[in-house]
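Only one structure is covered here, and it is reproduced in the block below.
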Amino acid sequence: MVHFDYKKEPLRDILFIDVKSFYATVECIYHGWDPLETMLVVASHADNTGNGLILAASPKAKEVLGISNVSRVDNLPDHPLLKQVPPRMSLYIKENMVLNQLFETYVAAQDLLIYSIDESILDVTRSLNLFFPDPNLSRQEKRWLMARKIQKDIHDQTGLVLSIGIGDNPLLGKLALDTDAKYQKTNGYTAEWTYQDVQNKVWQVHPMTEFWGIGSRTKKQLAKIGINTIEQLANANVDLLYYRFGVIGEQLYHHANGIDRTILAETPPAAKEKSYGNSQVLPRNYTDQREIEIVIGELAEQVAARIRRHGCLTSCIHLYIGTAYGEVDSGFSHQMKIPATNTNKDLKTHCIHLFRKYYKGQAIRHVGISYSKLTYTQARELDLFDELDKHLSEEHLDKVIDKIRAKYGFTSIVYATSKLAGARSIARSHLVGGHNGGAGGLDGLS
DNA sequence: TCTGGGGTCCTAGGACCC
DNA sequence: TCTGGGGTCCTAGGACCC
């Protein structure tokens, strides 16, 4: 049974695009290997845990060896033709920028939304007649022609292969992409989902966790009230869903019915980051409080450098401490408001303070620090009790250090404590977003 | 999934104010 | 001080995505 009058819903021409095996393909292209024929995995060798993770696998590696992106390096099949390379995040970021510049030749900037490093949403509603003025072509034909044209142009210019989900709205595009287009090998990795397909396609998505926004937890919660399929979700009582799941429940109900009223051009441009943070799993269990505090200090500075680079101050710090397996005392996660700052000294002091306030001597395996309540202004609020001179010199020092690090790399300046056992900043200095940044990386893009 | 990492949004409960 | 009510801010925790 249909619950919505789809004639009243926004009818757009959305292309939800993702790059097939993005990292793996970029690596193949740069090495001069055929992206479709080469068996290759991009493997992150976490230097701290020693247990690598497969970040991406080429289509051939997936097909022949059945490698999935979540598998661990330990479990890789032994195959003489399988190539393994470390990730170069900065290279992928550059490639992503090139790609999106090309997308802007098909749509205006406000009709393009960069969804992730390898996914973009294009609203081509206003471009179709521009590119395909022929009045004998139907709207549907024009959408497909547009998708084909973009795939071909991008492949010619970059060697990348695109999967495209065509939809009447972004949600339908996303579902078409994730659950259909990616598997359409013989149909050019393209699929189209419209309002008329809700019952035949949207409701048939299975298992439910394939559906955008439904993870394993939500699946379990839904099962508790007798909802085990998208069709049941679409036909459930929306009030009950709201009662059990809040606004998320209401949204799930709408999505199950193919409803998404987003208009890309009307969505505010991507706001600046609301928080910056770094976290890491430690290479072993840490029990020495001094050692733990060294890691916290380094992390506090690392994130401080990031917010300075982005020209902002933080008014709220957050510390996450995860314990070792088998540790009886649990870890903790606490935040604290502070006067706006971005200096190493302030932030390090606050983070250590927060740590000491709650630490009970547990064995630690995971540490995370993030800064939120950011103000993106160069002007800073001065604490009345702060001595202006001291403040300026601290700030000056931080800036000089940042400059040197930006030019020569993080390892060029490390505090004496980093030389102590347990210090992690040197070992991690080459990482961008937790992955290997590669030589000559884009430091400013993290 | 005996440990990858970086983000976002939502909710419930407590504190506090008027 | 056996129970007013509305509003806001803050915090911890949960869940999701790439």
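Note that the structure is a prediction, hence the values are computed from the model and not measured. A, B, ... follow the sequence lines: proteins, then strands. Residue 1 opens every chain.
Between A:T190 and A:R148, the side chains place a donor N or O and an acceptor N or O closer than 3.5 Å (distance only, hydrogens not considered).
Comparing B:dG4 with C:dC17, their C1' atoms sit 15 Å apart, to the nearest whole Å. Nucleotides C:dG5 and C:dT1 are separated by 15 Å at their P atoms, to the nearest Å.
To the nearest angstrom, P of C:dG14 lies 14 Å from NZ of A:K220. In this entry the distance linking CD of A:E210 with P of C:dC18 reads 11 Å, nearest Å. Rounded to an integer number of Å, the gap from A:K174 NZ to C:dC16 P is 15 Å. The nearest whole Å value for the distance from the CD atom in A:E327 to the P atom in B:dC2 is 19 Å. To the nearest angstrom, C1' of C:dC10 lies 15 Å from CD1 of A:I338. Regarding A:M89, its CE atom lies at a distance of 15 Å from the P atom of C:dC18, rounded to whole Å. Taking atom CD1 of A:I369 as the reference point, atom C1' of B:dG6 lies 15 Å away to the nearest angstrom. Atom CD1 in A:I317 sits about 15 Å away from atom P in C:dC10, given to the nearest Å.
Using a cutoff of 4.0 Å between basic side-chain nitrogens and carboxylate oxygens, A:R88 and A:E27 are scored as salt-bridged. Under 4.0 Å is where a charged nitrogen must lie from a carboxylate oxygen, and between A:K201 and A:E192 no such pair does. Ion pair A:R365/A:E327 not flagged as a salt bridge, since none of the NZ, NE, NH1 or NH2 atoms sits closer than 4.0 Å to an Asp/Glu carboxylate oxygen. At a threshold of 4.0 Å, the pair A:D18-A:K182 counts as salt-bridged, since one of the basic side-chain nitrogens sits closer than that to a carboxylate oxygen. With respect to A:E119 and A:K174, a salt bridge is recorded, a charged nitrogen being found less than 4.0 Å from a carboxylate O. A salt bridge is absent between A:K360 and A:D329; no separation between the charged side-chain nitrogens and carboxylate oxygens falls under 4.0 Å.
Note on ring orientation: taking the six-membered ring where Trp is involved, the planes of A:H254 and A:F4 are tilted (angle from 30° to 60°). The aromatic rings of A:H31 and A:W33 lie parallel to each other, with less than 30° between the two planes, well short of the 60° mark.
No contact: A:F22 has no heavy atom under 4.0 Å from any strand. As judged by a 4.0 angstrom heavy-atom cut-off over every strand, A:S370 is placed among residues making no nucleic acid contact.
Here A:R217 reaches the OP1 or OP2 of C:dA15: one of its side-chain N or O atoms lies under 4.0 Å away. Distances shown here put every side-chain N or O of A:S44 at or beyond 4.0 Å from the OP1 or OP2 atom of B:dG5. A:K274 has no side-chain polar atom (N or O) that falls below the 4.0 Å cut-off from OP1 or OP2 of B:dG6. OP1 and OP2 of B:dG5 both lie 4.0 Å or more from every side-chain N or O belonging to A:N278.
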Could I get a table of every N or O pair under 3.5 Å where one atom is in the protein and the other is in nucleotides 7-9 of chain C?
none

List, with names and distances, any nitrogen or oxygen atoms from the protein found under 3.5 Å away from nitrogen or oxygen atoms belonging to nucleotides 11-13 of chain B.
unit_1	atom_1	unit_2	atom_2	d
B:dT11	OP1	A:V247	N	2.9

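Considering only the side chain of A:Y115, C:dC18 comes nearest among C:dC18, B:dT3, B:dG6.
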Q) Can you check side-chain hydrogen bond (donor to acceptor under 3.5 Å, both in side chains) on A:N285 and A:T287, steps first, answer last? A) CA-CA 6 Å; A:N285 298 341; A:T287 46; over 6 Å; no
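No cation-pi contact links A:R356 to A:Y358, judged by a cut-off of 6.0 Å to the six-membered ring centre and 45° from its axis.
In this structure, A:Y371 has its ring center no closer than 6.0 Å to that of A:Y276.
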Q. Could you write out DNA chain B as a dot-bracket string, with dots for unpaired bases, | for bases paired across to another strand, and Watson-Crick or G-U pairs counted at under 3.5 Å?
A. ....||||||||||||||
